[in-house]
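Structure first, commentary second.
Just so you know, these numbers come straight off a predicted model, no measurement behind them.
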Amino acid sequence: MPGSSSPLTHLDPTRLVLPEKPALEGLEAKWIPRWEADRVYQFDRTKTRDAVYAIDTPPPTVSGSLHVGHVFSYTHTDVIARFQRMKGKAVCYPMGWDDNGLPTERRVQNYYGVRCDPSLPYQPGFVPPAPGKQPISVSRPNFIELCAALTREDEKVFEALWKHLGLSVDWSMTYATIGTRAQRVSQLAFLRLLQRGDAYQVEAPTLWDVDFKTAVAQAELEDRELPGAYHRIRFARPDGGAVEIETTRPELIPACVALVAHPDDERYQPLFGREVITPLFGVKVPVKAHTLADPEKGSGIAMICTFGDITDVTWWRELSLDVRAVVQVDGTLRPVTWGEPGWTSMDADRAQRHYDELTRLSAAKARVKIVEQLRASGDLIGEPRPITHAVKFYEKGDRPLEIVTSRQWFIKTLAYRDALLSRGKALEWHPAYMQSRFENWTNGLNGDWCVSRQRFFGVPFPLWYPIDKDGRVRHEAPIVAEETRLPIDPSTDVPSGYTADQRGVPGGFAGDPDVMDTWATSSLTPQIVCGWPDDPDLFARTFPMDLRPQAHDIIRTWLFSTVLRAELEQHSLPWTDAAISGWVLDPDRKKMSKSKGNVVTPMALLEEHGSDGVRYWAASGRPGTDTAFDTNQMRVGRRLAIKLLNASKFALSNATPQGPVVYAVDRAMLHALAQLVDEATRDLEAYDYARVLQRTEEFFWRFCDDYLELVKGRRYGEQGAEAAGSANAALAAALSVLLRLFAPFLVFVTEEVWSWWREGSVHRAAWPTRAEIEALIADPQAAERDRQIFEWATTVLFEVRKHRSEAKQPLKVPIVSVSVTAEPVAREWMSVVEADLKSALRVQRFDVQDGEVRAFDVTGYDAPAPA
RNA sequence: GGGCGGUUAGCUCAGUUGGUAGAGCACCGGCUUUACACGCCGGCUGUCACAGGUUCGAGUCCUGUACCGCCCACCA
């Protein structure tokens, strides 16, 4: 029998504790430790894969500071995690710290005054001195220890913020990208790639940052608009005459190896296969044809240098040209002896004179110098024409990238392009259109992934190389570490079969000096979290994971590389769904960032608006959509939370007796709620959390403004015990359901209210269902009639309130009578809700008559009741 | 140059099978009403970017244009 026996409405009056004046203040401090003590968010790893929901949380970079953008996107993930937990899933929701890579490295150098030298041996018990003027050189293991020590402090701050925000992370699963486990996974995965031939090393032209002195990958590039100039330069032809080219990089003329024009370009067809002579340096270079040359650009014929940009590399490779590299790792022009092999000149002395003035200058300074030389020699036609053009930069760098030939490790990517594209199609993207970013990027790849970096703080390659008797390092024959030894650091650890004193000597060995690209480790977060390959039991329960949440700016890096690694290692997607968050924009619609100085401290926001208020704002941002930073929305969220406190207090006070839900408005409210539950469930399963919050909020305000007002008098017993019982039962049920619907969003206030009358955490309570609500409704057949009656009641509420407002009459003044004209069926509706309406509106009498057009007239206001 | 989003009230945004334009904030007026003045009631506000098309009917579907934003690209 529906009614008081339902667990949905169960309410033990002896247990109920209602605060006199409920408030939000202090709820974070109250509930965070309790959740920890009760292990509310602990992952239950006894569950099998189908009962697990696993999240591949983005590890924030701890050397940076958390900003409001983090709060925004991590809230989205938390809402989903909480929903899945309430749906009964064992939620695997770890936190990672990205303490790997350049940002940490730079910070440690400055903080401790040290410099990493991988050739030094490890010094146990090393304590950094107070930072002095002269940086102290330390070994790589020592350097990494310092990085770990510094990031540990950062991580504490991050953890405190995440907890204050109410993230339902299982903190026992926390990992760090430079931690032992991540290093082991990273090195092991690399060795397996090597075994299968998916990792290879090659000496080749590579994108190079001249300040960091490291190779960088295509994914780390960005274009920046810079002023430059077209220089029109004359190349002489041996038969007399000349060809004019245009270039923005005249300093690379000594590195010129050919000219190239489009095969269909009639102006230059007679030159194909012939040679021309470079100005200043007198080098004979061939004129070639290639379809990439654009007849519209410049003079239609281009100078190919080794190497000015990526196109030069393409031309150089496809046309089998010579190499004449001049830019060295620090971005300066290297010394060259003209006349030696590879540097043949028709006038070596003249070439040397010109070149000596350029040697050891940076590219920018060499450009100025060579323009003077060209002007003096008459090879500069006219004056340089200033332009603005896009130049490639390393995203963290300050100077344009150069292309430098060096030995680097690569992971095969191009060979898997088709497989990756189909994985991208199989992945469920939220929002769906984000898939096109992935496809764009994948289709645009122009090389394999360069994963080696000439840096110190990172995961080292688990490799050594033999040194032959002549002292030559034999890179082509790497000595691979045994998997059981991993992780290792080849700068300190010694390969099996060697002794430490053989390091760096002929007949001995040398450790690989490089570290892996930070993405080479981050791309393995699913494997790190899921226990691959050391915990196959956990792996079977969690992999492939369910969700990758992340922002859209790192689709080409983190998302792409993770899909690649799972393809290479597991031949599967790493997760089924990807939820892409937008950015937080400041009111000027620019991305909020530290450099712009417009970042607000997240903790201050949480303290001012309450975590629930901030979460409300964050959860209002739809998936993939950039959202304006808006403290006003946080205030709205805070008000909603306060309203929830007060409405709950009302619903739970005088909440007995309870009885069967027999009143039409009660049933109608519950029906509408059941409908809301269905929609909320459907939308959360589709990752549309913002819609759920909006709909639930909308229902809740109407619930407060109309339903609560309508049943208030009845609850006070104005219509007898049975009438009160129906309202009380409906109220308790509605509150239980609403608290659970709000729980993923407003985590603190819902837990607080839940604790007033329920056992356990609301965050472990079952997600509400239509069935549990409908079970309460005594007469489900009457649903449509109930709905009409409720709608009629709200119409009357609105019309009479309007009259009262226009008459500026306070509510304490009773209305003598309201004459209502409406369709005939309204008489029947009115008879059902008349008592509730009279009480809520302070109306003494309703006179209802039939009519075509609805009309509501107040016939008079009584005198105020005597005080 | 290619791709993807967006353009709805002063502001931030909803609008899911095409059926008389919505919310919150802001603004104006009123109200101490035994849950809430961190409140309640009411009011004002729109050529749904523009131009065509399909349709009985378009904010919603199609085509094109403009502007804003983002992503990508072999810009010598």
A:Ile304 atom CD1 is separated from B:C74 atom P, nearest whole Å, by 16 Å
In Watson-Crick or G-U wobble terms, with both distances under 3.5 Å, the base opposite B:C4 is B:G69
The Watson-Crick or G-U wobble partner of B:C74, with both key distances under 3.5 Å, is none
Checklist line | Distance-only donor-acceptor test (3.5 Å): side chain A:Lys643, base B:C36 | finding: yes
* To do: For A:Glu697 and A:Tyr616, test the side chains for any donor-to-acceptor distance below 3.5 angstrom and give the result as yes or no.
  => yes
| message | With a 4.0 Å cutoff (strictly under), does any side-chain N or O of A:Lys21 reach OP1 or OP2 of B:C36? | response | no
Query raised in the report: Any idea how A:Phe700 and A:Phe703 line up, ring-wise: parallel (<30°), tilted (30 to 60°), or perpendicular (>60°)?
Result: parallel
If pairing means Watson-Crick or G-U wobble with both distances under 3.5 Å, then the partner of B:G57 is none
**Request:** Would you classify A:Cys305 as touching base, sugar-phosphate or nothing, given that sugar-phosphate means primed atoms plus P, OP1 and OP2, and contacts are heavy atoms under 4.0 Å?
**Result:** nothing
### Query
Contact class for A:Lys802 (heavy atom, under 4.0 Å): base, sugar-phosphate, or nothing?
sugar-phosphate
| Interatomic distance at P, B:G42 relative to B:U7, whole Å | 30 Å
- Query: Across the strands shown, which category fits A:Ala23 at heavy-atom distances under 4.0 angstrom: base, sugar-phosphate, nothing?
  - Reply: nothing
Q.
Counting the atoms with a prime plus P, OP1 and OP2 as sugar-phosphate, which does A:Asp312 contact under 4.0 Å by heavy atoms, base, sugar-phosphate, or nothing?
A. nothing
By nearest-heavy-atom nucleotide on RNA chain B, the more 5' of A:Asp706 and A:Thr247 is A:Asp706
Quick note, A:Ile310 side chain, CB onward, closest among B:G3, B:C74, B:A35 is B:C74
Using a cut-off of less than 4.0 Å, is there contact between a side-chain N or O of A:Tyr616 and OP1 or OP2 of B:U12?
no
Report task. Say whether A:Ser611 and A:Glu28, considering side chains only, have a donor N or O and an acceptor N or O under 3.5 Å apart. Result -> yes
Of the candidates B:A35, B:G42, B:U12, the side chain of A:Leu708 sits closest to B:A35
Report task. Could you check whether A:Trp701 gets within reach of a base, just the sugar-phosphate, or nothing at all, counting any heavy atom under 4.0 Å? Result -> sugar-phosphate
Using the ring of each side chain (for Trp, its six-membered ring), is A:Trp315 parallel, tilted or perpendicular to A:His290, with breaks at 30° and 60°? perpendicular
Review point. With sugar-phosphate meaning primed atoms plus P, OP1 and OP2, does A:Ser805 contact a base, only sugar-phosphate, or nothing at under 4.0 Å between heavy atoms?
Key: base
With the side chain defined as heavy atoms from C-beta on, A:Arg622 is closest, among B:G42, B:A14, B:G29, to B:A14
Regarding the side chain of A:Lys812, the nearest nucleotide among B:U33, B:G42, B:C74 is B:U33
In whole angstroms, the gap separating C1' of B:C70 from CG of A:Asp553 amounts to 10 Å
Looking at A:Asn446, I'd like to know whether one of its side-chain N or O atoms comes within less than 4.0 Å of OP1 or OP2 on B:C74.
yes
Answer for the Watson-Crick or wobble partner of B:C31, both distances under 3.5 Å, is B:G39
Of B:A35, B:A14, B:C72, the nucleotide closest to the side chain of A:Lys649 is B:A35
Please work out if A:Asp705 contacts a base, only the sugar-phosphate, or nothing of the nucleic acid, heavy-atom cut-off 4.0 Å.
sugar-phosphate
What nucleic acid atoms does A:Thr314 come within less than 4.0 Å of, heavy atoms only: base, sugar-phosphate, or nothing? nothing
Item to check | Aromatic ring pairing A:Tyr689/A:His76, orientation class (parallel under 30°, perpendicular over 60°, tilted between) | outcome: parallel
Which of B:C71, B:A73, B:G24 is nearest the side chain of A:Asp223? It is B:A73
Considering only heavy side-chain atoms of A:Asp630, the closest of B:G42, B:U12, B:G5 is B:U12
Regarding the side chain of A:Arg639, the nearest nucleotide among B:U12, B:A35, B:C25 is B:C25
| task | Evaluate salt bridge (charged side-chain N to carboxylate O under 4.0 Å, His left out) for A:Arg638 paired with A:Asp612, printing each intermediate quantity in order. | result | CA-CA 7 Å; A:Arg638 183 180 166 80; A:Asp612 286 340; over 6 Å; no
Check the orientation of A:Trp316 and A:Phe307. Use parallel for under 30°, tilted for 30 to 60°, and perpendicular for over 60°. perpendicular
A:Glu439 near the nucleic acid: base, sugar-phosphate alone, or nothing, with a heavy-atom cut-off under 4.0 Å?
nothing
By the Watson-Crick or G-U definition, both distances under 3.5 Å, B:C25 is matched with B:G10
Between A:Ser299 and A:Tyr433, whichever has its closest RNA chain B nucleotide further toward 5' is A:Tyr433
request  = May I ask you to say what A:Gln218 touches in the nucleic acid, namely base, sugar-phosphate or nothing, with a heavy-atom cut-off under 4.0 Å?
outcome  = sugar-phosphate
(Q) Considering every strand and a 4.0 Å limit on heavy-atom distances, what is the contact class for A:Arg556: base, sugar-phosphate, or nothing? (A) sugar-phosphate
Which of B:G24, B:A35, B:C13 is nearest the side chain of A:Ala647? It is B:A35
For A:Phe72 and A:Trp617, I'd like to know if the aromatic rings sit close, meaning centre-to-centre distance below 6.0 Å.
yes
Taking a pair to mean Watson-Crick or G-U wobble geometry with both distances below 3.5 Å, B:G64 pairs with B:C50
Distance, P atom - from B:C48 to B:C56, rounded to whole angstrom: 23 Å
Is A:Asn440 touching bases, backbone alone, or none of the nucleic acid, heavy atoms closer than 4.0 Å?
base
Regarding the side chain of A:Trp583, the nearest nucleotide among B:C70, B:C74, B:C41 is B:C70
Between CZ of A:Arg804 and P of B:C41 the distance, given in whole Å, is 13 Å
